[in-house]
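Just so it is clear: chains get the letters A, B, ... in the order the sequence lines come, proteins before strands, and each one is counted from 1.
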Amino acid sequence: MTEITEVPSPFCGIGTDDLTIRMDGVSLKVVENGCAVNTPAFEQMITDTSPRVDGKEVSLDVAVAAAAALLKDTRLPVIGGCATDVNGMRGLLALADRCGAVVDNMNFTGARNNFLALQDSGWMNTTLAEVKNRCDLLLVAGTDLEAFAPRFFERYLWNKESMFLDDTSSREVIYLGKAPSGDASTSPTGRKALVLECATEDLPEVIAVLRALVKGQPVLAASVCGIAAADLLAIAGKLKAAKYGVVTWAAGALAYSQAELTVQTLSEMIKDINNQNTRCSGLPLGGKEGDQTANQVCGWTTGYPARTRFSRGYPEYDPYLNDTNLLLTNGEADAMVWVQAFNVKSVPPVTALPTIVVGRSGMTFAKEPDVFIPVGAPGIDHAGHAYRMDNVVAIRLKKLRDSGLPSTAQVLNAIEQAL
Amino acid sequence: MLIKLTGGTVYDPASGIDGQQQDIYIKDGRIVTKPAEAFQVDKEYDLKGKVVMSGAIDMHTHIGGGKGNIARTLLPEDHRQDPVMRSDITRSGCGHAMPSTFVTGYRYAEMGYTSGFEPALLPVNARQAHMEMADIPILDKGGYVMLGSDDYLLRLMTAKKDQKAINDYVAWTIQSAKAIGVKVVNPGGINAFKFNQRKLDLDEQNAHYGVTPRDILQVLATAVKEIGVSHPLHVHGCNLGVPGNMQTTLDTIQGIGGLPMHLTHIQFHSYGTEGDFKFSSGAARIAEAINKNKNITIDVGQILFGQTVTASGDSMRQHANHKHASPNKWVTMDIECDAGCGVVPFKYKDKNFVNALQWAIGLETFLLVDDPWRIFLTTDHPNGAPFTSYPHLIRLLMDRSFRNEVLSTIHPEAQKMTTLASIEREYTLQEIAIMTRAGAAKLIGLKDRGGLSAGNWADITVYTSNTDRQKMFEKPDYVFKDGQLVVVDGKVVSTKWGTTHTVKPNFDPSVEKGLKDYFDRYLTMKLGNFKISDDEITEDGRGSITVHPLRH
């Protein structure tokens with residue numbers, strides 16, 4: 001039995017790297033600094049160690065050859081999931097380039113709300129260490145932050161010391177839209193967050209009014225979707241009075257049509273505040289199961305985020321048309337490759353198409369894929385790199401145990417070689 | 001295998017060879033002397049009448065790191081103008097302003113470049129920069145680690161820690177980020193922006209720390225010198241793009257008191273306030289100061305007309321410049337109590353007075369600085385223009401009539417405000433070779449690169465001389481990288497992976513005590529997880545690390 005300290009996690013997206021993990025053979029137990037997201041992800045048992053073709057156990061070589069054979073004469077294979085580490089994404093993109101595939105990260109439809117806003121008007125953002133040391137006001141828009149990242153408040157808001165605040169417990173937290181599901185946002189001295197609730201689909205209206213108030217526009221309505229205009233005016237005042245306000249949202253939580261306009265309104269509001277002689281920054285949440293990793297590596301390899309096709313011999317980005325589900329529904333795709341090295345519960349959409357799964361050991365299927373190759377989890381079974389939510393920090397993932405499972409990169413490189 | 005390059009006209013300033021006919025022998029990736037005994041040549045290239053130089057080195061080009069990837073993500077419409085097909089030996093991607101990594105490697109090599117150095121490696125983002133550069137084929141690469149707005153340094157300075165403490169921290173940072181030099185960007189200004197300061201002059205105090213840019217330059221330039229790093233402190237000065245910043249630049253040169261200092265993209269820091277538009281060229285006075293102060297080196301950061309994107313660590317100035325964004329979208333970031341960045345797309349127009357004069361200021365600088373060993377050819381890719389415009393820039397420098405032809409087409413008021421038309425100088429091939437090869441290798445401290453004498457790595461470019469220098473430099477006949485033929489007639493014919501150039505200055509290991517405490521209290525990762533280990537660069541079997549000697 002051994003204990004490993006300072007273990008970084010690729011699962012929660014906020015880059016926690018203080019986990020202590022006890023290891024007994026290949027079974028892991030998080031003994032310090034676990035959370036509802038990280039603990040089960042680390043403790044997930046290894047089940048399959050052999051690949052399967054048509055449900056029968058085979059060697060890795062046979063499975064790789066079978067996968068290559070399935071892909072060989074396809075016209076538009078789709079590589080979905082894209083949940084892996086940097087080297088896994090490198091292998092995935094090389095394979096996609098080789099076989100003219102569509103690459104589509106499974107969280108892209110949520111992340112698209114951010115990308116469309118970014119690509120249309122840009123933003124002013126910050127990162128976690130700046131939040132930890134500077135943030136005096138946190139506005140959480142439409143997101144249950146502690147359900148998203150259980151340790152966010154403990155690590156980045158209620159930290160004992162900060163360089164530029166005398167007392168971190170004096171920070172103010174405001175929720176707009178969704179109410180928090182627990183008490184993590186309550187300060188150590190007992191101060192509760194201010195919560196202004198509205199329905200998620202009412203956020204566009206509420207946030208548009210908030211931006212207008214930040215800009216000093218007159219608003220005649222007394223209330224907006226159940227929130228008093230005076231309360232919104234008070235928030236606008238707090239944002240302008242803060243020294244380093246931070247506005248956070250999870251693009252995927254804004255689950256309504258054209259939510260990119262909400263992200264854009266928030267981002268433009270932040271720019272407006274910076275033009276009124278104070279600082280304010282955005283903090284988009286994300287980074288779970290390799291979504292930032294997928295977009296970063298696809299970004300430097302192709303120029304585009306991870307919803308890009310190679311079917312014409314060069315990368316083409318389309319945030320709508322390259323959607324896996326759409327390609328399956330419309331009958332455009334002719335094979336499915338699902339890459340998911342983090343989460344055994346995240347399985348490919350059920351399809352009649354030839355399906356190859358390169359998935360974390362422990363995955364179970366309602367419909368057995370044609371080829372299943374179990375792989376190790378980055379940061380547990382092999383070393384690697386993963387991006388945290390703020391995109392700036394790539395964390396170095398450690399190899400914790402010798403499971404004998406191959407990495408995503410090894411498997412995808414082998415399939416590409418076999419082609 | 002022994003390769004012989006026969007009869008080429010060699011320009012090798014590192015050995016003082018200026019256009020002499022020479023044979024070159026290559027064995028095991030390096031240039032060797034002609035074997036004394038009987039020998040068999042396995043492959044011979046007849047280079048009679050061809051121009052031979054070592055592979056070019058871009059000493060300041062933004063090819064790795066987060067701001068570049070933000071720039072890519074921001075501009076899908078720019079990529080769509082220049083899709084790049086895959087081939088049997090090359091990967092697909094995109095080109096133009098901020099090319100994909102693979103295309104970056106191919107296009108540099110296709111112009112005869114064999115190395116590129118990322119000048120703004122944020123310590124906390126260095127891992128990403130190295131990962132991106134690991135996906136740039138053919139080229140060698142390296143980076144200058146960015147300090148000067150990091151809270152740790154400013155805390156050391158406010159606490160009046162001695163120079164040794166700062167030296168240890170700088171050396172530790174170079175090692176942990178796997179860098180070959182140190183850069184400072186808007187010294188202290190990126191930090192001041194986080195405290196809502198919107199400008200910071202050379203002698204203006206940071207509102208929180210009380211230190212000035214001048215103080216920061218002094219301690220960092222001293223540290224770089226004392227820990228023995230060859231490349232002088234690489235300085236992106238205060239007040240980038242501000243009319244009148246010529247005076248800041250002159251004061252910066254004066255203020256460094258003879259310490260080695262490299263002023264980067266100096267074109268953006270050479271502006272006066274004369275004329276009807278209160279914007280004028282300071283190039284003559286800057287060049288005079290460069291000529292006089294032998295401790296100073298510069299690269300130009302030439303602008304060339306067209307669409308590009310500016311990606312800089314200077315969040316303060318980039319925020320101020322966002323109103324010039326074209327198309328109108330832009331990003332700034334505050335980063336990890338470490339640094340920041342700003343990404344603003346720009347379209348430089350020859351009919352815009354300011355842009356036209358910026359173009360002329362850059363060229364004046366090239367032509368008025370006497371010593372080609374102390375000036376380097378850059379566009380600050382992609383900030384002044386994409387690196388693919390270098391052959392055009394070389395023609396502007398080597399061909400006065402072409403230069404004056406272009407000059408006659410720019411904004412008429414800008415023509416009146418520049419002395420360019422009267423400058424007769426034309427760069428020679430040898431001077432181009434100094435700026436882009438021997439001088440760059442010397443400045444960065446690259447051992448066995450940038451020269452063609454025996455012992456050097458065989459990074460070699462062969463051109464067909466052409467009076468149209470743009471045509472000549474955009475399509476080399478051959479490019480060899482570490483002795484491997486990678487380009488023929490301006491097209492990649494094979495690929496390989498270059499090395500990562502670094503230095504490893506010594507530090508007192510006790511420096512980690514203070515750092516560990518700081519990381520645990522204030523930062524978001526553990527010190528042990530912050531440092532980049534060698535295997536992160538080498539473990540995939542493609543990358544390698546080359547450690548260059550320190551200055552003694």
No-hydrogen, no-angle side-chain donor-acceptor test under 3.5 Å, B/Gln128 and A/His385: no
NZ (A/Lys243) with more than 12 external heavy atoms under 6.0 Å: no
Which portion of A/Lys398 sits near chain B, non-hydrogen atoms under 4.5 angstrom: side chain
Residue among A/Asn274, A/Thr308, A/Ile395 with most heavy-atom pairs under 4.5 Å to chain B: A/Asn274
Distance-only polar pair, side chains of B/Asn196 and A/Asn277, donor-acceptor under 3.5 Å: yes
Spatial distance of atom OG1 (B/Thr73) from atom CG (A/Asn114) [nearest 0.5 Å]: 11.5 Å
Interchain contact, A/Arg134 with chain B, by part (heavy-atom threshold 4.5 Å): side chain
Side chain, backbone, both or neither of A/Leu93 within contact of chain B (heavy atoms, under 4.5 Å): both
Largest heavy-atom contact set with chain A, pairs under 4.5 Å, which of B/Cys337, B/Ser315, B/Gly342, B/Gly528: B/Cys337
Reported SG-to-OH distance for the pair B/Cys94 and A/Tyr304, which is rounded to 0.5 angstrom: 5.5 Å
Over all atoms of both residues, closest heavy-atom pair of B/Thr524 and A/Lys132: CG2-CD, 4.3 Å
Among the listed options A/Thr278, A/Val393, A/Asn391, the residue most often paired with chain B at heavy-atom distances under 4.5 Å: A/Thr278
Flag for B/Arg72-A/Thr302: side-chain donor and acceptor within less than 3.5 Å: no
Straight-line distance of A/Leu118 CG to B/Trp330 CH2, nearest 0.5 Å: 12.0 Å
More than 12 heavy atoms from other groups under 6.0 Å of NZ on A/Lys240: yes
Interface residue of largest heavy-atom contact number with chain A, from B/Ile532, B/Asp135, B/Val103, B/Val124, under 4.5 Å: B/Asp135
Winner by heavy-atom pair count (cut-off under 4.5 Å) against chain B, out of A/Pro305, A/Gly282, A/Ser162, A/Ser281: A/Ser162
Candidate pair B/Glu539 and A/Arg396, rule salt bridge (charged side-chain N to carboxylate O under 4.0 Å, His left out), full reasoning: CA-CA 13 Å; B/Glu539 71 191 350; A/Arg396 173 63 169 167; 3.0 Å; yes
Proximal component of A/Val392, with respect to chain B [non-hydrogen, under 4.5 Å]: both
Portion of A/Ala94 that has a non-hydrogen atom of chain B nearer than 4.5 angstrom: both
Among the listed options A/Asn125, A/Ile14, A/Thr301, the residue most often paired with chain B at heavy-atom distances under 4.5 Å: A/Asn125
Donor-acceptor under 3.5 Å (A/Asp97 side chain, B/Ser92 main chain): yes
Chain A contacts, top residue of B/Asp151, B/Val84, B/Asp535 (heavy-atom pairs, under 4.5 Å): B/Asp151
Which atom of B/Phe193 lies closest to which atom of A/Arg279, heavy atoms considered: O-NH1, 2.9 Å
Between CD on residue A/Glu130 and CE on residue B/Met333, distance to nearest 0.5 Å: 9.0 Å
Any donor-acceptor N/O pair, A/Asp17 side chain to B/Met525 backbone, under 3.5 Å: no
Selection from B/His322, B/His208, B/Arg127 maximising heavy-atom pairs under 4.5 Å formed with chain A: B/Arg127
Cationic N near anionic O, under 4.0 Å, B/Glu336 to A/Arg388: yes
Choice from A/Arg155, A/Lys271, A/Arg312 maximising heavy atom contacts with chain B below 4.5 Å: A/Lys271
Atom pair OH (A/Tyr317) and CD (B/Glu77), whose distance is rounded to the nearest 0.5 Å: 10.5 Å
Flag if over 12 foreign heavy atoms under 6.0 Å of NZ, B/Lys161: no
Note, B/Arg155 side chain near A/Met163 side chain (heavy atom, < 4.5 Å): yes
B/Lys526 side chain to A/Glu6 backbone, donor-acceptor under 3.5 Å: no
Donor-acceptor under 3.5 Å (B/Arg521 side chain, A/Glu161 main chain): no
B/Lys67, part contacting chain A, at a heavy-atom distance under 4.5 Å: neither
A/Phe164 ring center within less than 6.0 Å of B/Phe195 ring center: yes
B/Arg86 and A/Arg98: CA distance, side-chain angles, deciding distance, side-chain contact (heavy atoms from CB on, under 4.5 Å) verdict: CA-CA 8 Å; B/Arg86 72 171 277 114; A/Arg98 167 87 56 173; 4.0 Å; yes
Between B/Asp334 and A/Tyr244: side-chain donor-acceptor atoms closer than 3.5 Å: yes
Distance (rounded to the nearest 0.5 Å) between A/Trp123 CH2 and B/Leu74 CG: 10.0 Å
Best-contacting candidate, A/Ser267, A/Ala394, A/Gly303, against chain B by heavy atom pairs under 4.5 angstrom: A/Gly303
CG (A/Asp166) with more than 12 external heavy atoms under 6.0 Å: no
Options B/Asp540, B/Ile335, B/Asp338, ranked by heavy-atom pairs under 4.5 Å with chain A, top entry: B/Ile335
